[in-house]
Protein chains: 4
Amino acid sequence: MKEKEQKILDASLKLFVERGFHGTSTAEIAKTAGVATGTLFHYFKTKEELINRLYLYTKESMLCEISEHYDDKKAFKENIKELWLKFVRFGVNSPYKFQFILTFHCSPYITSLTKEQVESHAESMLGIYKNGIGKQKIKEISFEMVMDYFWGNVVTVVTHFEKYPEKLNEKNLDMAFELLWDGISK
Amino acid sequence: MKEKEQKILDASLKLFVERGFHGTSTAEIAKTAGVATGTLFHYFKTKEELINRLYLYTKESMLCEISEHYDDKKAFKENIKELWLKFVRFGVNSPYKFQFILTFHCSPYITSLTKEQVESHAESMLGIYKNGIGKQKIKEISFEMVMDYFWGNVVTVVTHFEKYPEKLNEKNLDMAFELLWDGISK
Amino acid sequence: MKEKEQKILDASLKLFVERGFHGTSTAEIAKTAGVATGTLFHYFKTKEELINRLYLYTKESMLCEISEHYDDKKAFKENIKELWLKFVRFGVNSPYKFQFILTFHCSPYITSLTKEQVESHAESMLGIYKNGIGKQKIKEISFEMVMDYFWGNVVTVVTHFEKYPEKLNEKNLDMAFELLWDGISK
Amino acid sequence: MKEKEQKILDASLKLFVERGFHGTSTAEIAKTAGVATGTLFHYFKTKEELINRLYLYTKESMLCEISEHYDDKKAFKENIKELWLKFVRFGVNSPYKFQFILTFHCSPYITSLTKEQVESHAESMLGIYKNGIGKQKIKEISFEMVMDYFWGNVVTVVTHFEKYPEKLNEKNLDMAFELLWDGISK
DNA sequence: GATGAATGAGAATTCATTCAT
DNA sequence: GATGAATGAATTCTCATTCAT
């Protein structure tokens, strides 16, 4: 990716999260990125294309950092905790990207075409779920509920540590995971 | 409250949730409410005042429906479940108001002055928390964490049942609460 | 005139002078006058009618205070000084009315119909002029020039004493008149 | 200065003089200037900035044309007449600029910051005044009064010749100056 | 007479987008 | 590729005027 293109993505990530899509003008993005407005439209045909490309970029960033593989040698709880930790760490380390995905996942600016382009984290979760059910480790609740609960928990925890950064340490992370685990495990 | 004022609040609640603050024009709000644009500005000096008054209104609506009292005769778990249910039911019955509070609670359009005007639900939660800790019913985690976890759980559950309305029944509500309870209880 | 009608005239005189015609809203006039907007439009069909009636009112006020008669017994200079003094005193004592006439005499809001309704001070001036020319007291310059010079002088003097109110005394008034007199007299 | 910027200044000069600040819409200015409304706001951030920049521009125009130097070789009267003529000629040749300065010099739209940026014509006048007093050529009246009288006279004369353009000739200009000179000289 | 809620055309200003350089 | 002047539709907000009470 060209340097200016990257700068535009970075600037718009920050601004879209802080002020929303309609609250951010392309002029501001260009200014923040240190380029001319014409340059922005050279790389991104429209503002909508910009936010869609930004969505692809952030989602890829996240999936890249997650990319876990279920490890049969480890205990089931370890496997799920590892996945959980990866999401939480991504959220804590890349708060803008995390918040962007959170905010714009359901927004009308992200076309369904874009959404199709990113494989969801559902697949890896589905494996874990089936395994957990099979081994009778987790309660018999629907896959959708577990998915939503897992993700909701990640969001809650990331948001919490963003509010109270001084609380972010291994012990509290472990405790936070136990809240999730004790909730879903048998 | 005057009839037209109410219609404007209703219309803006819907539109702000669906399209965001900057994504909704005052002309659209007025049209949806069935009044002239001038009328909107007769009741609300600026668009910002409108969203702030809307915030006060929705928050009051919620607190009005929650307004629980801790009942010593009931078991601790019953008490906390009742509070949880009230929030979830509010979210399910008033999805726009619930989503509005969720989206705009942290938005820069809501002034701190407005936020001061609504007593948070923290107070009732604090009573329950202390009681739970005292009776050694809940894990020894910080109050802030319990608060965030409780609220995050409510959000997750409401969102889930909005996605899958056919799943909304007593049994699934109970199961959803158990996810929370087993997480935070000793 | 009804009390509220008078209050509206007073309020609009002040506001039109301070902020101009378009810079003053009827709502502000009503508020300053202590009446409802509807009341303003009860007494004055339109904003334009208001400023036209205000023009008639201020012009009448002035002409009423001027209303001089040429006195053959007095010296020619005395006669003209008396007229000059009356204008200057009106300007100093009723600065809003004076400024209003000054500003709106040539404005497009005052219809020619309105202007016709007020006899100008030209008539009395014409008498003086002819007399002055006849007695060979004043230079042989056109009537129009004398008129404009006389009136320009009044405006200059009134404006000057408004800027430096501490200088307003008999001596300085006399000196100011001499500037005019020595200019136009032979 | 860019071509479109100049066209906007020219158009607003005409319209502000003819209809006043609030009586002129930015849309009209843009239309008259032959540019889009957006272009106006590209060069002038607000309507207020426009009128302030216009004030600087007109005042500079005038001072540029005046820029006299007292010439000791000439008679005192000649010197003062030359200055007077320059002002009158500016007013006659640039009636819009002259009227604009006249109307907006005391208006609240022109910020004091703007006024500071233009050196007044007072300085050259002060030199003439001191010289005149010193040579016992002019009456012993305050500097402020002479200033106001001189300027008031210029305004009167310019306005008069605008009303009666057919009267504008050397002879009448001389006569008009004599009105001023005989007024202030000993 | 007096009120002020209601109206909608019009005001100043913003902004995504284009295009000549 | 890069720039930023230029555009005009859309936005927030104002205001003269009306009319039911």
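So you know, we letter chains A, B, ... as the sequences are listed, proteins then strands, and number each from 1. These values consider heavy atoms only, across backbone and side chains, with no hydrogens, waters or symmetry-generated copies.
Within the 4.0 Å cut-off from OP1 or OP2 of dG4(F), not a single side-chain nitrogen or oxygen of Thr37(A) is found. Taking side-chain N and O atoms only, Thr26(A) has no distance below 4.0 Å to OP1 or OP2 of dC15(E).
In this structure, Tyr43(A) and Ile8(A) approach most closely via the heavy-atom pair CD1-CD1, 4.2 Å. Thr24(D) approaches Lys47(D) most closely through the heavy-atom pair O-NZ, 2.8 Å. Nearest approach of Leu15(A) to Thr32(A), heavy atoms of both residues: CD1-OG1, 3.5 Å. Between Thr46(C) and Phe41(C) the shortest heavy-atom distance is CA-CE2, 4.2 Å.
Atom CZ in Phe16(D) sits roughly 9 Å away from atom P in dA12(E) (whole-Å rounding). Rounded to an integer number of Å, the gap from CD of Glu3(A) to C1' of dA2(F) is 13 Å. The NZ-P distance, from Lys45(B) to dC15(F), rounds to 14 Å in whole Å. Atom pair Glu48(D):CD and dT13(E):P shows a separation of 8 Å (rounding to whole Å applied). With rounding to whole Å, Lys2(B) atom NZ is found 13 Å from dT7(E) atom P. Computed from coordinates, the Ile29(A) CD1 to dT17(E) P distance equals 11 Å when rounded to whole Å. The separation between Lys4(B) atom NZ and dG8(E) atom C1' is 13 Å, rounded to whole Å. Across the protein-nucleic acid pair, His22(A) atom NE2 and dT14(E) atom C1' stand 14 Å apart, rounded to whole Å.
Phe44(D) comes within contact range of no nucleotide atom at all, as no heavy-atom separation falls under 4.0 Å.
If you check dA2(E), dT12(F), dA5(F) against the side chain of Phe41(B), the one that comes closest is dT12(F). Comparing dT3(E), dC15(E), dT17(F) by their closest approach to the side chain of Val35(C) singles out dT3(E). When distances run from any side-chain atom of Ala36(A) to the nucleotides dG8(F), dG4(F), dA6(E), the shortest one goes to dG4(F). Taking every side-chain heavy atom of Lys47(C) into account, dA16(F) is the closest of dT3(E), dT11(F), dA16(F).
Nearest-nucleotide positions on DNA chain E for His42(C) and Gly34(B) put His42(C) closer to the 5' end. Between Thr39(B) and Thr46(A), the one whose closest nucleotide on DNA chain E sits nearer the 5' end is Thr39(B). Between Glu28(B) and Thr24(C), the residue anchored closer to the 5' end of DNA chain F is Glu28(B), taking for each the nucleotide with the nearest heavy atom.
For the residue pair Ser61(B) / Lys97(B), a side-chain donor-acceptor distance below 3.5 Å is found, with atom types taken as modelled.
Using the Watson-Crick or G-U wobble rule with both distances under 3.5 Å, dC15(E) pairs with dG8(F). Pair check for dT21(F) finds dA2(E); Watson-Crick or G-U wobble, both atom distances under 3.5 Å.
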